[in-house]
Amino acid sequence: MGLVVDREAFRALRNTLSDTSRIVFTNGCFDLLHLGHLSLLNRSRSLGDVLVVGLNSDSSVRGLKGPQRPLVPQEERAAVLTALACVDFVIIFDESTPIETIKAVRPKIQVKGGDYDPEKMPETPVVRELGGEVVIVPLLEGHSTTSMLQRIESKS
């Protein structure tokens, strides 16, 4: 079972990890957890020894997705993520990008889904400056929170 920690607590925890531990980082809103999320998280974990998930806070999600989101409060989203065997740590962040969290985590690998272009992501230069790499994994087609909400809306 994973732990929810803040950036400072993770910095301290990071120092207790083996020097050879490959820390993998991914991030997102994870508003309605679905098969696409699980695929991303499991693939992320398979790339290293420790998986840290950056979770957009409620205010961050509202800024990115609009005033109707998130549907699930950050504490509940974090609890669901930490219950997954593949997740070691969750760090909730308020900013629109995970840059400050990445600086604290210092991952060897940052993972994003196939709908992202690493050359257009604002965090890519930071990951590379810290000696890490950005890995894009294919999306699991047909599985997204947006498509789930559209299906729910069409049935009502």
Side-chain angles (χ1 to χ4, degrees), residues 1-7 9-10 13-14 17 21-66 68-102 104-118 120-124 126-127 132-156:
M1 179 172 263
L3 295 173
V4 178
V5 296
D6 63 24
R7 288 190 282 242
F10 185 81
L13 285 166
R14 189 179 193 291
L17 298 174
S21 293
R22 286 178 56 88
I23 298 173
V24 179
F25 177 83
T26 192
N27 66 283
C29 300
F30 300 100
D31 196 6
L32 291 177
L33 198 65
H34 54 72
L35 200 55
H37 289 137
L38 293 175
S39 175
L40 171 76
L41 293 167
N42 281 314
R43 290 191 69 157
S44 297
R45 183 63 169 82
S46 74
L47 297 172
D49 305 305
V50 176
L51 177 58
V52 180
V53 177
L55 179 65
N56 291 77
S57 69
D58 290 348
S59 62
S60 177
V61 174
R62 277 191 293 280
L64 293 168
K65 307 281 186 176
Q68 302 301 329
R69 302 276 299 273
L71 301 172
V72 178
Q74 67 191 31
E75 293 81 11
E76 291 180 29
R77 291 183 284 128
V80 169
L81 287 168
T82 59
L84 300 174
C86 60
V87 175
D88 295 296
F89 298 99
V90 172
I91 301 174
I92 300 171
F93 64 95
D94 285 322
E95 302 84 8
S96 60
T97 71
I99 290 174
E100 293 306 313
T101 303
I102 287 169
V105 173
R106 303 180 64 85
K108 291 290 182 200
I109 300 172
Q110 181 198 13
V111 179
K112 293 297 280 185
D115 53 341
Y116 285 89
D117 176 350
K120 294 181 181 173
M121 293 170 21
E123 60 267 32
T124 295
V126 175
V127 172
E133 67 176 301
V134 176
V135 173
I136 303 297
V137 298
L139 290 178
L140 195 59
E141 290 300 318
H143 297 280
S144 71
T145 302
T146 301
S147 67
M148 288 175 72
L149 291 173
Q150 288 170 342
R151 284 194 309 270
I152 292 167
E153 203 171 274
S154 72
K155 293 181 191 257
S156 52

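All residue numbers refer to positions in the sequence shown, counting from 1. Bear in mind that the values here come from a model prediction, so they are computed numbers and not experimental data.
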So, the side chain of D31 versus the backbone of V72: is there a donor-acceptor pair under 3.5 Å, distance only?
-> yes

Where at least one partner belongs to residues 71-83, residue pairs that pass side chain to side chain donor-acceptor pair (under 3.5 Å), sequence neighbours excluded = D58-R77

Could you tell me the separation between the SG atom of C86 and the CG atom of L41, rounded to the nearest 0.5 Å?
-> 5.0 Å

If you round to the nearest 0.5 Å, how far is CG of L3 from CD1 of I91?
-> 11.0 Å

Could you give the distance from OH (Y116) to CD (E123), rounded to the nearest 0.5 Å?
-> 8.0 Å

Write out all pairs satisfying ring-ring contact (aromatic ring centres under 6.0 Å, His included) with one or both partners inside residues 69-102, taking only residues at least two apart or from two chains.
-> F10-F89

Under the side-chain hydrogen bond (donor to acceptor under 3.5 Å, both in side chains) test, residues paired with S57 that sit two or more places apart = S59, D94

Taking side-chain hydrogen bond (donor to acceptor under 3.5 Å, both in side chains) as the test, write out the residues that go with E100, two or more places apart.
-> K103

Not counting sequence neighbours, which residues clear side-chain hydrogen bond (donor to acceptor under 3.5 Å, both in side chains) with R7? List them please.
-> E95, T101

Minimal heavy-atom distance between L55 and C29, with the atoms involved, is CD1-O, 3.3 Å

Find the distance between CD1 (I23) and CD1 (I109) and round it off to the nearest 0.5 Å.
-> 11.0 Å

Find the distance between CG (L51) and OG1 (T26) and round it off to the nearest 0.5 Å.
-> 7.5 Å

When every non-hydrogen atom of L40 is compared with those of G113, the smallest separation belongs to CD1-N, 4.0 Å

Pairs satisfying side chain to side chain donor-acceptor pair (under 3.5 Å), at least one member in residues 42-55, at least two apart = R45-D88

Could you state the interatomic distance from NE2 (H37) to CG (L84), rounded to the nearest 0.5 Å?
-> 11.0 Å

